[in-house]
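Values in this document were obtained by computation on a predicted structure and should not be read as measured data.
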Amino acid sequence: MKDLGSQIAYWDGVGATKTFTHPVNLSWLAEVGPDARVLDYGCGYGRVMAELSEHGFRDVSGVDLSPASIERGQQLRPDLRFAVLESPPYLTHASGSFDGVLLFAVLTCVPDGDAQGALVEELNRVLAPGGLLYVSDLLLQNDERNHSRYAACTRQFGTPYGVFATDDGAVCRHHDIAELHALLSDFDLVEERRIEVATMNGHRSQAVQLLARKR
């Protein structure tokens, strides 16, 4: 349960082979328009970036802490702009550099609360005033399998309820919706919707998407 802020060994190994499925609600980005400066933080192999590009967004870039994932993305879509995060969560971009930031299935991969807070603070910094933060992540699940996993980690390691270990070596977190609202408390919540997604290991899970505006 060490290094919960990045887990680089996992994400640069088996994690770099995973497929992610959280859907993009393009209507939520209509306000910023195709010329918006958009950052996909935790872009992995660029699935979301590719979808935005195919729908006319012309200024999209992505960053990820995993060089292996970035390499995969560059091979799949050499036309897109990828960069490796050298010191996550911190970005080299100037304050106010982006009109929109996407954070898709990233908080679940950063189970440490302080690390999550630092990440959201950094994204707030690089957003322009009035810019949009689009979060898609996993909620606490109600099935016995997940309840058992949450309880086991809480008992053994004292982690927050919702943290669990996957069979292939990742430590992840599912969230109570109040936790996500608190994490985004420096933003104005614009929209929220519940969805169902397939996780990186193929399980159907309840998720939420939040659209928040920088004050």
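Linking ILVMFWY side-chain heavy atoms closer than 4.5 Å, directly or via other members, places L184 and V208 in a single hydrophobic cluster. Residue L180 is grouped with residue L127 when hydrophobic side chains (ILVMFWY) are merged at heavy-atom distances under 4.5 angstrom, including chains of intermediate members. A continuous path of ILVMFWY side-chain contacts below 4.5 Å connects V32 to W28, so both sit in one hydrophobic cluster. No continuous path of ILVMFWY side-chain contacts below 4.5 Å connects V38 to L85, so the two sit in separate hydrophobic clusters. If you chain together hydrophobic residues whose side chains sit under 4.5 Å apart, L211 and L52 fall into the same group.
For the pair Y41 and V126, the minimum side-chain heavy-atom distance is 4.5 Å or more. Contact annotation: the side chain of R194 approaches that of I177 to within less than 4.5 Å [non-hydrogen atoms, C-beta and beyond]. Taking the side chain as every heavy atom from C-beta outward, L29 and F57 approach each other to under 4.5 Å. Within the 4.5 Å cutoff, the side chain of N124 has heavy atoms near those of the K214 side chain. Between V48 and C43 there is no side-chain heavy-atom pair separated by less than 4.5 Å. Within the 4.5 Å cutoff, the side chain of H93 has no heavy atoms near those of the R37 side chain. Side-chain contact between F104 and F20 is absent, with no heavy-atom pair separated by less than 4.5 Å. In this structure, R125 and L91 have side chains that are in contact, with non-hydrogen atoms separated by less than 4.5 Å.
If you take NE2 on H22 and OG on S205, they are separated by 8.5 Å, rounding to the nearest 0.5 Å. Note that the SG atom of C172 and the CG atom of D137 stand 9.5 Å from one another [nearest 0.5 Å]. Between atom CZ of residue F187 and atom NE2 of residue H181 there is a gap of 13.5 Å, rounded to the nearest 0.5 Å. The line from CE of M200 to OG1 of T19 is 11.5 Å long, rounded to the nearest 0.5 Å. For the atom pair CD (Q116) and SG (C109), the distance works out to 10.5 Å, reported to the nearest 0.5 Å. Rounding to the nearest 0.5 angstrom, the gap separating the CD1 atom in I195 from the CG atom in N25 is 9.5 Å.
Surrounding CD of E192 are more than 12 heavy atoms belonging to other residues, nucleotides or ligands, all under 6.0 Å away. By the 6.0 Å contact criterion, CG on D79 is enclosed, its count of non-hydrogen atoms from other residues, nucleotides or ligands being greater than 12.
Between L132 and R213 the shortest heavy-atom distance is CD2-NH1, 3.7 Å. Across V197 and P23, no two heavy atoms sit closer than the pair CG1-CD, 4.0 Å. Closest non-hydrogen pair, T159 versus C153, comes out as OG1-O, 3.3 Å. Taking each heavy atom of G169 and Q7 in turn, the nearest pair found is O-OE1, 4.5 Å. Residues I8 and P67 come closest through the heavy atom pair CD1-CD, 4.3 Å.
Proximity of the aromatic rings of F82 and Y45 is defined here by a centroid distance below 6.0 angstrom, and this criterion is not met.
A donor-acceptor pair under 3.5 Å is absent between the side-chain atoms of T108 and the main chain of A105, judged by distance alone. Listed for the D12 side chain is a donor-acceptor partner under 3.5 Å among the backbone atoms of A68. Within the 3.5 Å criterion, the main-chain N or O of S69 finds a donor-acceptor partner in the side chain of S66. Looking only at distances, no side-chain donor or acceptor of T154 sits under 3.5 Å from a matching main-chain atom of A151. Within the 3.5 Å criterion, the main-chain N or O of M49 finds no donor-acceptor partner in the side chain of S53.
Classification of D64 and R72 as a salt-bridged pair fails, no side-chain N sitting under 4.0 Å from a carboxylate O. A salt bridge does not link D112 with R173: every distance from a Lys NZ or Arg NE/NH1/NH2 to an Asp or Glu carboxylate oxygen is 4.0 Å or more.
With sequence neighbours left out, the salt bridge (Lys or Arg N to Asp or Glu O under 4.0 Å) criterion links E196 to R204.
Looking at N146, L107, L139 one by one, the single match for side chain to side chain contact (heavy atoms under 4.5 Å, CB included) with H174 turns out to be N146. Partner of L102 under the side chain to side chain contact (heavy atoms under 4.5 Å, CB included) criterion, chosen from L123, L133, D40: D40. Each of V63, L103, D99 was scored for a side chain to side chain contact (heavy atoms under 4.5 Å, CB included) with L39, with one residue passing: V63.
In this structure, a donor-acceptor pair under 3.5 Å is absent between the side chains of T199 and N201.
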task = Let me see the working for Y161 and D176 under side-chain contact (heavy atoms from CB on, under 4.5 Å), right down to the final yes or no.
result = CA-CA 9 Å; Y161 188 75; D176 183 274; over 6 Å; no
inquiry  = The test is side-chain hydrogen bond (donor to acceptor under 3.5 Å, both in side chains); show your working for Q141 and H203 and say whether it passes.
reply    = CA-CA 11 Å; Q141 307 299 305; H203 299 287; over 6 Å; no
inquiry  = Quick one, Y10 with D168, criterion side-chain contact (heavy atoms from CB on, under 4.5 Å). Give me CA distance, side-chain angles, the key distance, then yes/no.
reply    = CA-CA 9 Å; Y10 177 85; D168 58 3; 3.1 Å; yes
